[in-house]
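Accompanying notes for the structure given below.
Each ligand, and each atom within it, is numbered from 1 in the order the structure gives.
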Amino acid sequence: MPAVSVFGAQWGDEGKGKIIDRLAAEADVVVRYQGGANAGHTVVVAGQKYVLHLIPSGILHLGKVNVIGNGVAVDPLKFLEEVEGLRTRGVQVDGSNLRLSSSAHVIFEHHRRIDQAAERWRGEGRIGTTGRGIGPCYADKAARTGLRVCDLLEPEHARLRLRAALAEKNALISQVHGEAPLDLEQQLARYTTLAGQLAPFVGDTAFQVREAYSQGRRVLFEGAQGAMLDIDHGTYPFVTSSNTGVDGIPAGAGFPARWIERAIGIAKAYCTRVGEGPFPSEQHGPLGERIREAGNEYGATTGRPRRCGWLDAPQMRYTLGWNGATSWIMTNLDVLTGFDSIPVGIGYKLHGKRFAEYPASLSGIEDLEVEYTSFPGWTEDITAVRQYDRLPRRCREYVESVEKLIGVPIEMLSVGPERDQVISRAGVHHGTPVGAR
Ligand code: GDP
Ligand code: IMO
Ligand code: MG
């Protein structure tokens, strides 16, 4: 495993944390390259549940280096809270196994305030953001008015840049959103104190990751969110503000694209989405409700109930395709136990017109009707199965039919939240990128 990308192939919450934790056993370095504490990656080890927001999901293994790359939007408060939370539970976290890029952009209180106020302002048109300040922070990065971790570490520099930023943000907060402005001195005092606590973790992570790779270390890139939430290729404007797939790695980690040998998409055996925006195969009513209860589908970051529906093959071909996935991993297969019949989306219809492939930039995407095919379900509990040929026949038929529909090999199945609840599909070829279309 020299350099491997693991990314969400749906709308987030595909089980990336669980899989990264599992794959981290065979890696040396685990790198987050985009997003921020909008992510909630759940890892369950020996009955203990950990939800990681900013810290990479390799942190529970001893001796691995976990890196927060320059492309991550870092909220120092959340970062330090998470470090402390893990330490309290006996997990070793220090500057030797957790590194933070000096070029990562910082999320300030004004970013969180503006994120939440902007959502209220949008009313019916809201995105349903996590309210973590992600969009406003990346907006400032693009507008070149943001502060990076290295800026925060130099008090005089931080003062100049934060003063300039707050002059503009306070006008927005008070004049547009009608809220009390933030006090520069208070904010400076707070964030420079936090900067002091960040300092032991900070370094040139892009250089460090390239060095590690050049010395033969195995690097695992941990995507956050999902490819359908990608700012360029997702269901814009109902997306997050970063490049969530393999596309985010070169920019967000300073790692050459051509060094990435494998790209593994993660997707549930069905599909979920949290927040607003199109989700063609969503099931409203009792079926959606039943999936939600069976899969305990409530957000790991905000606790919101997730919208639930069926696996959508063209949507999967779309995300695995533009990321050049060499294979994918199907999670939550156990959740489908007990369904008589399991529909899978195979195409769309809009105003009488048929689409076999996902129409990336269609403005009427929310009106798409999905055409389904159905597979017979199984009733056996599969959570203790560890060998593929021990799965019920109908379960294997589901997996293999879906694999054929999507056209990219499934290299592993996940049958429960615990680290060891996986089934490796030995013999699955994943060496060369599979053109999904
Ligand atoms: P992430 O954001 O992609 O890391 O996913 P989340 O952690 O937000 O959501 C995935 C949820 O499914 C978590 O509660 C996991 O513990 C759980 N989970 C992961 N894999 C499986 C699985 O194979 N079966 C079941 N039943 N739950 C799983
Ligand atoms: P993980 O890494 C699922 C969604 C939000 C909202 C949209 C924009 O756990 O899979 P943002 O706060 O990023 O500006 O919100 O994106 N969203 C996620 N949905 N999983 C996530 O992360 C998400 N991170 C953001 O619900 O619809
Ligand atoms: Mg999540």
Whether Arg304 lies under 4.0 Å from ligand 2, heavy atom: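 It does, in that a heavy atom of Arg304 comes within the 4.0 Å cut-off of ligand 2.
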Atom indices of ligand 2, in the order listed, that fall short of 4.0 Å to a heavy atom of Gly128: 5 (C), 6 (C), 26 (O), 27 (O)
Where ligand 2 meets Lys16 - atom numbers and elements under 4.0 angstrom, heavy-atom basis: 1 (P), 2 (O), 10 (O)
Could you identify the single nearest non-hydrogen protein atom to [atom] and state the distance to 0.1 Å?
atom	result
atom 15 (C) of ligand 1	Thr42 CB, 3.9 Å
atom 8 (C) of ligand 2	Val239 O, 3.4 Å
atom 17 (C) of ligand 1	Pro417 CB, 4.2 Å
atom 20 (N) of ligand 1	Asn332 OD1, 3.3 Å

Of the listed options Leu229, Asn38, Thr235, Thr302, closest to atom 18 (C) of ligand 2 (non-hydrogen atoms): Leu229
N, O or S from Ala224 under 2.8 Å to the Mg ion (ligand 3):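 Under 2.8 Å: Ala224 has no N, O or S contact with the Mg ion (ligand 3).
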Under-4.0 Å heavy-atom contact with ligand 1, by part of Val335 that carries it: side chain
Location of contacts on Asp13 toward ligand 1, heavy atoms closer than 4.0 Å: both
Gln225 side chain to Asn38 side chain, donor-acceptor N/O pair below 3.5 angstrom: yes
